[in-house]
Amino acid sequence: MTTLSEKSEFNTELEQIEERYQKRKENQTERLYSPLDPYVLMVNQERERAIHRWMNATSIGQNRNQATLLEIGCGAGGNLLRFLQWGFQAENLCGNDLLPDRIDDARELLPQNIPLIAGDAFTTEFPEKAYDVVCLFTVFSSILDNDFQEQLANHAWSLVKPGGGVLWCDFIYNNPKNKDVQGVPVRRVKELFPEAKMSYERVHLAPPIGRRVSRIHPFLYSTLNTLPFLRSHILCWLEKESEK
Ligand SMILES: C[S@@+](CC[C@H](N)C(=O)[O-])C[C@H]1O[C@@H](n2cnc3c(N)ncnc32)[C@H](O)[C@@H]1O
């Protein structure tokens, strides 16, 4: 159970997360994520290929027209839109984000029958053990408080059906130029989901290298991305055991 002092500590962390995103808006660093940026294109394609492999490798992916999926920290809804395009059904999808303006953007993008809920995922009452997939894509790297990370991971895990899992994508290295985020190394992901059977792959080139080389030529990006130690982001499947 969360105590009152824990709650106020978590409120502070939530306020700080909101401030960090506000700062991004004001500093216009959001342009770094423009779909016209050649690095963003490469990243999206690499991520898409990795999710394609995950869908082929899992029964949930193969039966995705029946799978229920919740994205915590869904942002402006781009991932949910892709899941729809890959054959997940709108009525089985749900999105949540802490920031109401992001939910407003997602609402404009996505079909009306996808529920989109604004608010902190930890205190939002989702049905327990209801989702085949709970997506956490670049959410934990912007949560700097370890206890809050653990509470949110436990909560996300409680929402997963037996036999389902958490689909995780995030970066593993710190960015010395950006103190508002921190890498989540593989061993930390394991700590956050101690009961999960974990499999993962490294997906795409770290931004400082990727941005430079993709501006020169996509071929350079693809060549360097053959070296796994240069890849900063992982796609991870954290599977919950089926009930016997
Ligand atoms: C970097 S964005 C990623 C958006 C999307 N998942 C993607 O991959 O494009 C991380 C999102 O997580 C949301 N977030 C952070 N902490 C959250 C929390 N406790 N509950 C719900 N959303 C949260 C932020 O508001 C932000 O929109």
Side-chain angles (χ1 to χ4, degrees), residues 2 6-7 9-25 27 29-35 37 39-41 43-48 50-51 54 69-86 93-107 109-110 114-126 131 133-159 166-172 175 178 180-184 192 203-204 207 232-236:
T2 321
E6 273 172 343
K7 266 203 171 142
E9 194 184 302
F10 291 160
N11 282 346
T12 316
E13 175 63 15
L14 287 170
E15 281 157 16
Q16 285 173 359
I17 296 172
E18 290 184 33
E19 276 167 26
R20 289 177 210 129
Y21 279 100
Q22 186 57 31
K23 204 155 88 184
R24 260 200 209 186
K25 247 190 191 172
N27 297 345
T29 44
E30 283 181 337
R31 77 188 143 67
L32 292 174
Y33 308 99
S34 159
D37 186 291
Y39 172 66
V40 173
L41 174 67
V43 163
N44 286 340
Q45 290 176 343
E46 295 286 0
R47 198 191 272 192
E48 200 157 319
I51 294 175
W54 166 77
L69 180 148
L70 164 70
E71 184 177 12
I72 290 177
C74 66
N79 295 324
L80 288 169
L81 184 65
R82 285 188 198 103
F83 281 110
L84 268 180
Q85 287 166 336
W86 292 325
L93 300 182
C94 181
N96 152 260
D97 202 279
L98 178 66
L99 305 175
D101 57 337
R102 298 221 159 177
I103 288 291
D104 291 345
D105 292 344
R107 184 73 290 156
L109 186 71
L110 295 166
I114 299 186
L116 297 172
I117 304 160
D120 168 29
F122 178 55
T123 47
T124 303
E125 285 187 14
F126 296 106
Y131 301 97
V133 186
V134 174
C135 284
L136 288 166
F137 284 15
T138 55
V139 176
F140 276 59
S141 48
S142 55
I143 300 174
L144 306 185
D145 182 290
N146 283 342
D147 293 339
F148 188 75
Q149 281 193 346
E150 278 151 30
Q151 297 276 7
L152 187 56
N154 287 341
H155 185 58
W157 188 248
S158 73
L159 307 178
V166 167
L167 189 62
W168 169 286
C169 182
D170 221 322
F171 52 91
I172 53 177
N175 175 354
N178 186 354
D180 287 343
V181 290
Q182 68 181 6
V184 192
L192 289 169
V203 182
H204 59 76
S232 56
H233 284 62
I234 56 168
L235 182 80
C236 184

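Read the numbers this way: they start at 1 and go in the same order the structure lists the ligands and their atoms. Side chains are part of it too, since the values below use all heavy atoms of this structure and drop only hydrogens, waters and symmetry mates.
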As an exercise, state the distance from CD of Q22 to CG of L99, rounded to the nearest 0.5 Å. 9.0 Å
Main-chain N/O of F148 paired to E13 side chain as donor or acceptor, under 3.5 Å: no
What residue and atom, counting heavy atoms only, is the protein's closest point to atom 25 (O) of ligand 1, and at what distance? D97 OD1, 2.7 Å
Mind checking whether E18 has a heavy atom under 4.0 Å from ligand 1? no
Among D120, T123, V181, closest by heavy atom to atom 19 (N) of ligand 1 is D120
Counting from 1, what ligand 1 atoms have a heavy atom of G119 closer than 4.0 Å? 20 (N), 21 (C)
R47 neighbourhood, listing ligand 1 atoms whose heavy-atom distance to it stays under 4.0 Å: 8 (O)
Nearest option to atom 1 (C) of ligand 1, as decided by whichever heavy atom of Y21, F140, F137 sits closest: Y21
Is there a heavy atom of Q149 sitting under 4.0 angstrom from any atom of ligand 1? no
Identify the two heavy atoms, one from I117 and one from F126, that lie closest to each other, and give their separation to 0.1 Å. CD1-CE2, 3.7 Å
Sub-4.5 Å side-chain heavy-atom contact between C169 and R47: yes
Report the nearest protein non-hydrogen atom to atom 17 (C) of ligand 1: residue, atom name, distance rounded to 0.1 Å. L98 CB, 3.9 Å
Separation of L93 CG from L70 CG (nearest 0.5 Å): 9.5 Å
At less than 4.0 angstrom from any non-hydrogen atom of N96, what atoms of ligand 1 do you find? 21 (C)
Identify the closest protein heavy atom to atom 3 (C) of ligand 1: which residue and atom is it, and at what distance? T138 OG1, 3.3 Å
What protein heavy atom sits nearest atom 8 (O) of ligand 1, and how far off is it? N79 ND2, 3.0 Å
Does the ring center of F140 lie less than 6.0 Å from the ring center of W168? yes
Protein heavy-atom partner closest to atom 5 (C) of ligand 1 - residue, atom, separation in Å: G73 O, 3.3 Å
Should D170 and I234 count as side-chain neighbours, where that means a heavy-atom distance under 4.5 Å? no
What heavy-atom pair brings A121 and L152 nearest, and what distance separates the two atoms? CB-CD1, 3.8 Å
Per-atom contacts of ligand 1 with R102, taking only distances under 4.0 Å to non-hydrogen atoms: 2 (S), 26 (C), 27 (O)
Pair R82, E71 - check salt bridge (charged side-chain N to carboxylate O under 4.0 Å, His left out), show working. CA-CA 12 Å; R82 285 188 198 103; E71 184 177 12; over 6 Å; no
Would you say N79's side chain and F137's backbone share a donor-acceptor pair under 3.5 angstrom? no
Consider every N or O of I143 and every N or O of ligand 1, then say whether any pair is closer than 3.5 Å. no
Close N or O approach (E71, ligand 1; < 3.5 Å): yes
Atom 16 (N) of ligand 1 [closest protein heavy-atom partner, distance rounded to 0.1 Å]: I17 CD1, 3.9 Å
Give the numbers and elements of all ligand 1 atoms closer than 4.0 Å to a heavy atom of L99. 25 (O)
Within the structure provided, determine whether C135 and I72 are in side-chain contact (heavy-atom separation under 4.5 Å). no
Please write down residue, atom name and distance for the protein heavy atom closest to atom 20 (N) of ligand 1. A121 N, 2.9 Å
